[in-house]
Undergrad: 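Quick one: the structure is below, questions incoming.
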Amino acid sequence: MLEWAEDASAIWQYLTLFLLAAAPWLDVSLVVPLGILWGLPPVGVSVAAFVGNFLTILALGLFFKQISEWRRRRRERKGITGPTKKETRTRQIWEKYGIPGLAIVAPILVGTDIAAIVALSFGSSKFRVVGWMTVSLALWTVVFAVGSVYGFSFLNFI
């Protein structure tokens with residue numbers, strides 16, 4: 001896939017990054033370094049990844065009830081009765097740190113989409129979940145962009 005991405009025009013590369021970031025299982029922690037590895041400018045990569053991931057979080061906030069019902073039916077069909085490993089880990093973070101803590105660690109531990117679904121299912125308001133996840137997403141987008149450009153050796157100075 002890397003060869004295709006390097007040979008494609010910039011618009012297709014940005015569109016691919018946007019779609020990857022919007023995918024429920026990918027976060028900026030993967031998409032930003034990938035775009036920078038393709039040789040695209042870090043600011044453009046960061047914007048495409050942020051917007052793609054943000055739209056997923058926004059959609060989850062707006063359509064939580066429908067998504068929750070779909071997940072329940074899907075889990076029943078698969079025979080899943082208890083929480084998954086990610087859901088258990090997310091619950092532990094939630095109980096210890098609440099929504100701000102969950103939002104800040106979500107992109108690197110469980111993913112913003114899983115964290116948003118869990119926070120909403122715990123009864124948090126849509127506004128707070130989308131707000132905190134957006135702040136976290138912006139923070140991590142910058143961290144992964146800077147880290148990808150300069151290498152993560154800059155963390156030794158912190």
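Along the sequence shown, residues are numbered consecutively beginning with 1. These figures come from a predicted structure and were not determined experimentally.
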Undergrad: Identify the heavy atoms of A106 and M133 that sit nearest to each other, and give their distance.
TA: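 Smallest interatomic distance, heavy atoms only, reads CB-SD, 4.5 Å.
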
Undergrad: Taking salt bridge (Lys or Arg N to Asp or Glu O under 4.0 Å) as the test, write out the residues that go with R72, two or more places apart.
TA: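 If we apply the salt bridge (Lys or Arg N to Asp or Glu O under 4.0 Å) test to R72, skipping adjacent residues, the hits are E69, E76.
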
Undergrad: Under 4.5 Å between side-chain heavy atoms, counting indirect links through other Ile/Leu/Val/Met/Phe/Trp/Tyr residues: same cluster for F127 and I104 or not?
TA: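 Hydrophobic grouping puts F127 apart from I104.
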
Undergrad: To the closest 0.5 Å, what do you measure between CD1 (I57) and CG (L62)?
TA: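 Atom-to-atom, I57:CD1 and L62:CG are 11.5 Å apart.
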
Undergrad: Among residues at least two apart in sequence or on other chains, which ones pass ring pair (Phe, Tyr, Trp, His ring centres under 6.0 Å) with F63?
TA: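 Residues passing ring pair (Phe, Tyr, Trp, His ring centres under 6.0 Å) with F63: none at all.
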
Undergrad: Is there a side-chain contact (heavy atoms from CB on, under 4.5 Å) between T134 and F50? Walk through the geometry before answering.
TA: CA-CA 9 Å; T134 301; F50 175 85; 3.9 Å; yes

Undergrad: Can you name the residues that form a side-chain hydrogen bond (donor to acceptor under 3.5 Å, both in side chains) with T112, not counting sequence neighbours?
TA: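 Partners of T112 under the side-chain hydrogen bond (donor to acceptor under 3.5 Å, both in side chains) test: D27, N53.
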
Undergrad: Might you work through the side-chain contact (heavy atoms from CB on, under 4.5 Å) test for S121 and F64, ending with a clear yes or no?
TA: CA-CA 8 Å; S121 66; F64 172 69; 3.8 Å; yes

Undergrad: Applying the 4.5 Å side-chain criterion to the ILVMFWY set and letting contacts propagate, would V143 and V135 be lumped into a single cluster?
TA: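 In one cluster with V143: V135, no.
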
Undergrad: Which residues pass the side-chain contact (heavy atoms from CB on, under 4.5 Å) test with V105, not counting sequence neighbours?
TA: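 With sequence neighbours excluded, V105 shows a side-chain contact (heavy atoms from CB on, under 4.5 Å) to I93, L109, given in chain and number order.
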
Undergrad: Minimum heavy-atom separation for K126 to G61, with atom names?
TA: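 For K126 and G61, the tightest heavy-atom pair comes out as CD-O, 2.9 Å.
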
Undergrad: Mind checking side-chain contact (heavy atoms from CB on, under 4.5 Å) for S124 and listing every partner two or more places apart, or none if nothing turns up?
TA: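 Counting only residues at least two positions away or on another chain, S124 forms a side-chain contact (heavy atoms from CB on, under 4.5 Å) with W94, I99, A119, V129.
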
Undergrad: Under the ring-ring contact (aromatic ring centres under 6.0 Å, His included) rule, what pairs show up with a residue in residues 95-116, not counting sequence neighbours?
TA: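 Checked against ring-ring contact (aromatic ring centres under 6.0 Å, His included) - neighbours excluded - no pair reaches residues 95-116.
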
Undergrad: Before you tell me yes or no, could you show the steps for Y14 and V47 under side-chain contact (heavy atoms from CB on, under 4.5 Å), namely the whole-Å CA-CA distance, both residues' side-chain angles and the distance that decides it to 0.1 Å?
TA: CA-CA 9 Å; Y14 284 120; V47 169; over 6 Å; no

Undergrad: Could I get the full list of side-chain contact (heavy atoms from CB on, under 4.5 Å) partners for I80, not counting sequence neighbours?
TA: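 So I80 forms a side-chain contact (heavy atoms from CB on, under 4.5 Å) with R75, K78.
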
Undergrad: Test of understanding: with ring pair (Phe, Tyr, Trp, His ring centres under 6.0 Å), list the residues that count as partners of W132, not counting sequence neighbours.
TA: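 Scan of W132 (ring pair (Phe, Tyr, Trp, His ring centres under 6.0 Å), adjacent residues dropped) gives none.
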
Undergrad: Which residue pairs pass the ring-ring contact (aromatic ring centres under 6.0 Å, His included) test with at least one member in residues 68-87, sequence neighbours excluded?
TA: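 Sorted pair list comes back empty.
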
Undergrad: How far apart are the closest heavy atoms of L102 and A115, and which atoms are they?
TA: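 Looks like CD2-O, 3.7 Å.
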
Undergrad: Does anything in residues 55-67 pair up under side-chain hydrogen bond (donor to acceptor under 3.5 Å, both in side chains), and if so which pairs, sequence neighbours excluded?
TA: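 Applying side-chain hydrogen bond (donor to acceptor under 3.5 Å, both in side chains) to every pair that reaches into residues 55-67, excluding sequence neighbours, yields nothing.
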
Undergrad: To the nearest 0.5 angstrom, please state how far the CG atom of L139 sits from the CZ atom of F144.
TA: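 It is 9.5 Å, given to the nearest 0.5 Å.
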
Undergrad: Does L137 form a side-chain contact (heavy atoms from CB on, under 4.5 Å) with T141? I'd like the steps, not just the answer.
TA: CA-CA 6 Å; L137 189 58; T141 300; 4.3 Å; yes

Undergrad: Considering all heavy atoms of both residues, which atom of P107 and which atom of W140 are nearest to each other, and what is their separation?
TA: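 The pair with the smallest heavy-atom distance is CG-CD1, 3.5 Å.
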
Undergrad: When you compare the side chain of I11 with that of S9, does any pair of heavy atoms fall below 4.5 Å?
TA: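 When only atoms from C-beta onward are counted, I11 and S9 do touch, with a gap below 4.5 Å.
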
Undergrad: Where do S46 and A145 come nearest, in terms of heavy atoms and distance?
TA: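 Shortest heavy-atom separation between S46 and A145 comes out as OG-CB, 3.3 Å.
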
Undergrad: Just jot down the side-chain contact (heavy atoms from CB on, under 4.5 Å) partners of K96, sequence neighbours excluded, or say none.
TA: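 Here no residue qualifies.
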
Undergrad: Minimum heavy-atom separation for P42 to V149, with atom names?
TA: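 Where P42 meets V149 most closely, the heavy atoms are CG-CG2, 3.3 Å.
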
